[in-house]
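Each ligand, and each atom within it, is numbered from 1 in the order the structure gives. No experiment lies behind these values; they were computed from the predicted model shown.
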Amino acid sequence: MYGKRLGVNVDHSATIRQARGTLYPDPVFVALLAERAGAHQITIHLREDRRHIIDRDLEILRETVQTELNLEMAASEEMVEIAVRVKPDRVTLVPEKREEQTTEGGLDVAADIAGLKWVVKRLKNAGISVSMFIEPDGRQIVASREVGADAVELHTGRYCDAGSVKERETQFDLIEGAARHGAELGLEVAAGHGLDYQNVEPIATIEEIDELNIGHSIIAR
Ligand code: PXP
């Protein structure tokens, strides 16, 4: 036990539902199972194309989640309006491209400081804690602090996809360094993407990481 919080991302139960346009499996039910099994948070991504989680899921989960609800979303006007109305406990801002299979890279916070400052301010004024999903890169950590984020979520995709032990070590070191840097700047630090029952263990030893968000591997199991 490393004393971390686990956010279970239930998007992929909705992926199966949407594949057939059925009422099942219901991510609301899956979220309850995850909470009963000990999850500290339920994470969902409301995508622009509604390919898995749909508005109804967000609305119902806001009523039923007994832990914390973390909404991943693009920093678009549509999504900010939804978040301010529904009020998840946390919003994690992610980049979003329609063609991607999943969120492929971190948000380039440094490239849009002014725009993101405004989005963060609106969300925080609604009482929502805000996190930035970023690459483990010092520039993005500093930029996240600058836009007023409460937290960062470090993208672990490159670590998980590393093709060699050496590459994995390099990616691990970047995550560890970024976690330390974030904590030094007073940011809460989360990590996620591509983590599974094997590769999570080293990441879970990084002291400065407070929270892990894991979806595909848990839902698949
Ligand atoms: N964190 C963020 C910001 C994500 O976008 C995702 C994928 O939706 C996850 C965590 C979970 O990734 P995975 O499904 O690969 O565990």
Side-chain angles (χ1 to χ4, degrees), residues 4-18 25 27 30-31 34 37 39-54 57-58 61 68-76 79 83 88-109 116 119 123 128-137 140-141 144 149-162 171 175 178-179 182 187-204 206 209-221:
K4 314 250 180 259
R5 289 162 33 82
L6 174 65
V8 175
N9 179 319
V10 298
D11 290 354
H12 289 295
S13 58
T15 302
I16 296 174
R17 176 191 62 191
Q18 296 308 101
V30 175
H40 304 92
Q41 169 167 283
I42 300 302
T43 296
I44 52 173
H45 184 178
L46 185 66
R47 296 185 74 105
E48 185 190 37
D49 62 8
R50 309 299 197 270
R51 74 168 74 147
H52 38 55
I53 293 295
I54 56 175
D57 302 330
L58 169 63
L61 285 167
E68 307 243 297
L69 182 62
N70 173 27
L71 174 65
E72 296 174 1
M73 59 176 226
S76 67
M79 289 300 158
D89 300 287
R90 163 160 291 172
V91 158
T92 300
L93 294 175
V94 301
E96 191 173 303
K97 286 193 233 98
R98 218 171 244 276
E99 326 76 69
E100 70 193 355
Q101 204 175 40
T102 178
T103 311
E104 280 161 9
L107 186 65
D108 191 354
V109 183
L116 287 168
V119 167
L123 294 168
I128 302 166
S129 149
V130 185
S131 180
M132 300 282 156
F133 184 50
I134 55 170
E135 294 296 327
D137 165 358
Q140 301 298 346
I141 303 231
S144 298
D150 302 288
V152 289
E153 179 170 339
L154 304 174
H155 196 313
T156 50
R158 285 184 215 278
Y159 159 83
C160 296
D161 293 342
Q171 293 302 329
I175 293 167
L187 293 161
E188 265 179 72
V189 182
H193 209 287
L195 295 173
D196 62 26
Y197 292 83
Q198 280 73 44
N199 64 22
V200 72
E201 203 151 347
I203 297 293
I206 300 174
I209 293 180
D210 308 303
E211 174 188 306
L212 298 171
N213 284 297
I214 308 182
H216 190 264
S217 60
I218 293 177
I219 300 300
R221 180 174 277 202

Trainee: Looking at Met79, is its backbone amide N or carbonyl O close enough to the side chain of Ser76 to form a donor-acceptor pair, meaning the two atoms are under 3.5 Å apart?
Mentor: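 Yes, because the side chain of Ser76 sits within donor-acceptor range (under 3.5 Å) of the backbone of Met79.
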Trainee: Asn213 and Ala190: which non-hydrogen atoms are nearest, and at how many Å?
Mentor: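 It is ND2-CB, 4.4 Å.
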Trainee: Say whether, by atom type as modelled, one donor and one acceptor occur between the side chain of Asp150 and the main chain of Arg90 under 3.5 angstrom.
Mentor: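 Looks like no, no N/O pair under 3.5 Å.
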Trainee: Compare every heavy atom of Ile219 with every heavy atom of Ser13, then report the nearest pair and how far apart it is.
Mentor: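 Of all heavy-atom pairs spanning Ser13 and Ile219, the closest is N-CG2, 3.7 Å.
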Trainee: Run down the list His45, His216, His193, Glu72 and name the one with the heavy atom closest to atom 2 (C) of ligand 1.
Mentor: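 Selected option, by shortest heavy-atom distance: Glu72.
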Trainee: Going by the atom numbers of ligand 1, which of them fall below 4.0 Å from some non-hydrogen atom of Glu153?
Mentor: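 Close to Glu153: 1 (N), 2 (C), 3 (C), 10 (C).
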Trainee: Hey, does Gly194 sit under 4.0 Å from ligand 1 if you only count heavy atoms?
Mentor: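 Distance cut 4.0 Å: Gly194 passes for ligand 1.
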Trainee: Hey, what do you get for CD1 (Ile44) to CD1 (Ile53), rounding to the nearest 0.5 Å?
Mentor: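 Ile44 atom CD1 to Ile53 atom CD1 measures 5.0 Å (nearest 0.5 Å).
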Trainee: Of the side chain and backbone of His155, name the one, both, or neither that has a heavy atom under 4.0 Å from an atom of ligand 1.
Mentor: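 Neither; no heavy atom under 4.0 Å.
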Trainee: Quick check: Gly215 and ligand 1, any N/O pair under 3.5 Å apart?
Mentor: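 Between Gly215 and ligand 1 (N or O atoms, distance only) the closest approach is under 3.5 Å.
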Trainee: My understanding is that only residues two or more places apart in sequence, or in another chain, count here; which of them pass side chain to side chain contact (heavy atoms under 4.5 Å, CB included) with His216?
Mentor: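 With neighbours one apart ignored, the set is His12.
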Trainee: Looking only at distances, please establish whether an N/O atom of ligand 1 is found under 3.5 Å from an N/O atom of Asn213.
Mentor: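 Between Asn213 and ligand 1, no N or O pair is found under 3.5 Å apart.
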Trainee: If you count the atoms of ligand 1 from 1 in the order shown, which ones are under 4.0 Å from a heavy atom of Ile214?
Mentor: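 Taking each heavy atom of Ile214 in turn, ligand 1 has 16 (O) under 4.0 Å.
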